[in-house]
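Heads up: the structure comes next, in structure tokens.
Just so it is clear, the values below take in all heavy atoms, side chains as well, and ignore hydrogens, waters and symmetry mates.
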Amino acid sequence: MTAVGPLETARELLREFPVVDGHNDLPWALREQVRYDLDARDIATDQSAHLHTDLARLRAGGVGAQYWSVYVRSDLPDAVPATLEQIDCVRQLIARYPQALAPALTAADMEAARSQGRIASLMGAEGGHSIANSLATLRALYALGVRYMTLTHNDNVDWADSATDEPGVGGLSAFGRAVVREMNREGMLVDLSHVAATTMRDALDASEAPVIFSHSSSRAVCDHPRNIPDDVLERLPSNGGMAMVTFVPKFVLQAAVDWTAAADENMREHGFHHLATTPEAMKVHRAFEERIPRPVATVATVADHLDHMREVAGVDHIGIGGDYDGTAFTPDGLSDVSGYPNLIAELLDRGWSKPDLAKLTWQNAVRVLGAAEDVARGLQATRAPSNATIESLDG
């Protein structure tokens with residue numbers, strides 16, 4: 001009898017407990033590349049020349065649920081309508097591919113999609129600029145299906161500090177705490193990726209429900225401000241939340257941090273936003289890389305983060321959030337959404353048990369969303385929607 005290797009064992013495990021991925025930027029890539037022309041980027045066909053994501057590769061990767069990011073840039077003057085366009089894109093994708101994608105709003109919806117062999121499709125808004133300082137807009141996004149909101153993106157908002165901006169309000173302002181409370185009341189997960197460590201701590205103090213990090217790694221392993229300090233990871237068990245490791249090389253490999261800073265400056269010098277992934281922007285990226293070779297992350301690099309995050313937060317409080325189609329570069333072995341089995345095989349080689357891997361891939365994320373729903377039901381029974389304004393709370 002032929003022995004079954006770690007990769008086949010990984011694929012077998014993912015058939016039962018598929019990956020819940022916390023963050024995929026396909027909608028933004030579709031906006032940037034083809035202005036939402038889904039015929040021009042038909043993900044039922046091979047899109048490997050243009051995207052990290054298509055249906056066949058999602059299947060090959062063992063993805064069972066995906067939080068599609070409805071991200072818009074924080075410097076857009078009309079962030080709210082742009083966010084609505086992103087939501088509309090996700091809805092169009094779900095309607096176009098009903099055999100593959102299932103709309104999901106709840107933990108029960110995720111389990112139903114798994115039983116049907118479809119990919120549960122949820123949405124996360126990336127950045128508090130998408131609500132324009134309005135709790136009513138926050139509630140509207142929830143009503144449209146958004147199930148988490150990242151409090152900031154790369155820039156501060158008026159009520160919360162970003163990890164990659166200068167300190168503004170020192171974490172969360174009074175209105176920022178009101179945003180967290182209103183998210184708890186709605187059942188929208190508070191996402192602490194991208195926020196400053198001060199904001200992480202303030203949000204954990206304010207939140208009555210589990211929080212998530214939809215795509216962040218360990219700061220102790222790679223000292224980048226986008227990553228999570230150990231003292232914050234240590235608080236996840238008492239909060240009930242989870243941290244979903246990201247694959248972005250500049251957040252997981254220390255050698256890539258300095259290289260990325262130089263590459264970002266090169267993009268700005270050529271007139272591009274440093275996060276741009278259009279074909280023209282990628283030509284600039286590739287020319288820079290030819291001159292200065294890029295440090296390469298691997299599957300093992302990501303596994304190092306998960307080993308540390310499991311040690312500090314516990315296996316019940318970790319997950320996966322690859323950030324595909326939101327990054328120019330990916331680790332070797334994790335080049336697109338088909339790569340998740342390689343990570344699971346690496347963890348099997350490191351001695352992770354199948355029950356622990358089932359928590360990492362599926363069970364933790366479903367539990368956390370269900371817990372947020374439970375908290376929301378209790379709060380809605382005792383607390384009316386807030387009509388507070390930033391002017392009334394922050395002056």
Do [X] and [Y] touch side chain to side chain, with heavy atoms closer than 4.5 Å?
{"X": "Leu76", "Y": "Asp78", "value": "no"}
{"X": "Met183", "Y": "Leu138", "value": "yes"}
{"X": "Ile131", "Y": "Leu141", "value": "yes"}
{"X": "Met242", "Y": "Met244", "value": "yes"}
{"X": "Leu122", "Y": "Gln66", "value": "no"}
{"X": "Leu343", "Y": "Val302", "value": "yes"}
{"X": "Asp75", "Y": "His273", "value": "yes"}
{"X": "Arg219", "Y": "Ile228", "value": "no"}

Are [Y] and [X] connected into the same hydrophobic cluster when the rule is that any two of I, L, V, M, F, W, Y join if their side-chain heavy atoms are below 4.5 Å apart?
{"X": "Val315", "Y": "Val211", "answer": "yes"}
{"X": "Leu51", "Y": "Tyr97", "answer": "yes"}
{"X": "Leu347", "Y": "Val312", "answer": "yes"}
{"X": "Met123", "Y": "Leu192", "answer": "yes"}
{"X": "Val252", "Y": "Val19", "answer": "no"}

Please tell me whether [X] and [Y] have a donor and an acceptor in their side chains that are separated by less than 3.5 angstrom.
{"X": "Glu346", "Y": "Asn342", "result": "no"}
{"X": "Asp307", "Y": "Trp352", "result": "yes"}
{"X": "Asp42", "Y": "Thr45", "result": "no"}
{"X": "His194", "Y": "Asn154", "result": "yes"}
{"X": "Ser69", "Y": "Asp25", "result": "yes"}
{"X": "Asn156", "Y": "Ser162", "result": "no"}
{"X": "Gln33", "Y": "Arg41", "result": "yes"}
{"X": "Arg226", "Y": "Ser216", "result": "yes"}
{"X": "His215", "Y": "Tyr67", "result": "no"}
{"X": "Ser207", "Y": "Asn239", "result": "no"}
{"X": "His308", "Y": "Asp230", "result": "yes"}
{"X": "Thr246", "Y": "Asp323", "result": "no"}

Give a yes or no on whether the backbone of [Y] and the side-chain of [X] come within a donor-acceptor separation of less than 3.5 Å.
{"X": "Arg147", "Y": "Ala104", "value": "no"}
{"X": "Gln254", "Y": "Cys222", "value": "no"}
{"X": "Tyr71", "Y": "Gly326", "value": "no"}
{"X": "Arg350", "Y": "Ala300", "value": "yes"}
{"X": "Asp336", "Y": "Thr53", "value": "no"}
{"X": "Arg383", "Y": "Arg181", "value": "yes"}
{"X": "Thr199", "Y": "Asp161", "value": "yes"}
{"X": "Glu126", "Y": "Val72", "value": "no"}
{"X": "Asp325", "Y": "Asn24", "value": "no"}
{"X": "Asp109", "Y": "Leu105", "value": "yes"}

Does the plane of the ring in Phe247 sit parallel, tilted or perpendicular to the ring in Tyr340? Use 30° and 60° as the thresholds.
tilted
Parallel, tilted or perpendicular, judged at 30° and 60°: which one describes the rings of Phe329 and Trp259?
perpendicular
Indicate every side-chain donor-acceptor pair of residues 4-18 with a distance under 3.5 Å to a residue at least two apart or in another chain.
| residue | atom | partner | partner atom | Å |
| --- | --- | --- | --- | --- |
| Glu8 | OE2 | Arg15 | NH2 | 3.0 |
| Thr9 | OG1 | Gly5 | O | 3.0 |

Report, as yes or no, whether the 6.0 Å neighbourhood of atom CD on Glu269 holds more than 12 heavy atoms from other residues, nucleotides or ligands.
yes
After noting the C-alpha distance and the side-chain angles of Glu32 and Arg73, does the key distance pass the salt bridge (Lys or Arg N to Asp or Glu O under 4.0 Å) rule?
CA-CA 11 Å; Glu32 289 285 274; Arg73 276 174 34 185; 5.2 Å; no
One thing to verify: whether Lys250 and Asp258 come together as a salt bridge, which I'm taking to mean a side-chain N less than 4.0 angstrom from a carboxylate O.
no
Measuring centre to centre across the rings, with the benzene-like ring taken for any Trp, is Tyr36 within less than 6.0 Å of Trp28?
no
Validation row, ring centre His23 to ring centre Tyr324 under 6.0 Å:
no
Could you walk me through whether Asp205 and Arg235 satisfy the salt bridge (Lys or Arg N to Asp or Glu O under 4.0 Å) test, starting with their C-alpha distance in whole Å, then the side-chain angles of each, then the deciding distance to 0.1 Å, before giving a yes or no?
CA-CA 10 Å; Asp205 289 342; Arg235 294 184 62 177; 2.7 Å; yes
Give me the atom names and distance for the closest heavy-atom approach of [X] to [Y].
{"X": "Asp394", "Y": "Ser173", "answer": "OD2-OG, 2.6 Å"}
{"X": "Ser386", "Y": "Leu135", "answer": "OG-CD1, 3.4 Å"}
{"X": "Pro229", "Y": "Ala197", "answer": "CG-CB, 4.0 Å"}

Could you pull out all residues at least two apart from Ala132 that satisfy side chain to side chain contact (heavy atoms under 4.5 Å, CB included)?
Val80
Go through it in stages, so that I can follow the logic: the residues are Asp54 and Arg57, the test is salt bridge (Lys or Arg N to Asp or Glu O under 4.0 Å), and I'd like the CA-CA distance, side-chain angles, deciding distance and then a yes or no.
CA-CA 5 Å; Asp54 55 46; Arg57 286 181 289 167; 2.8 Å; yes
May I have the step-by-step check of ring-ring contact (aromatic ring centres under 6.0 Å, His included) for His285 and Phe272, ending in yes or no?
CA-CA 10 Å; His285 264 307; Phe272 291 101; 8.9 Å; no
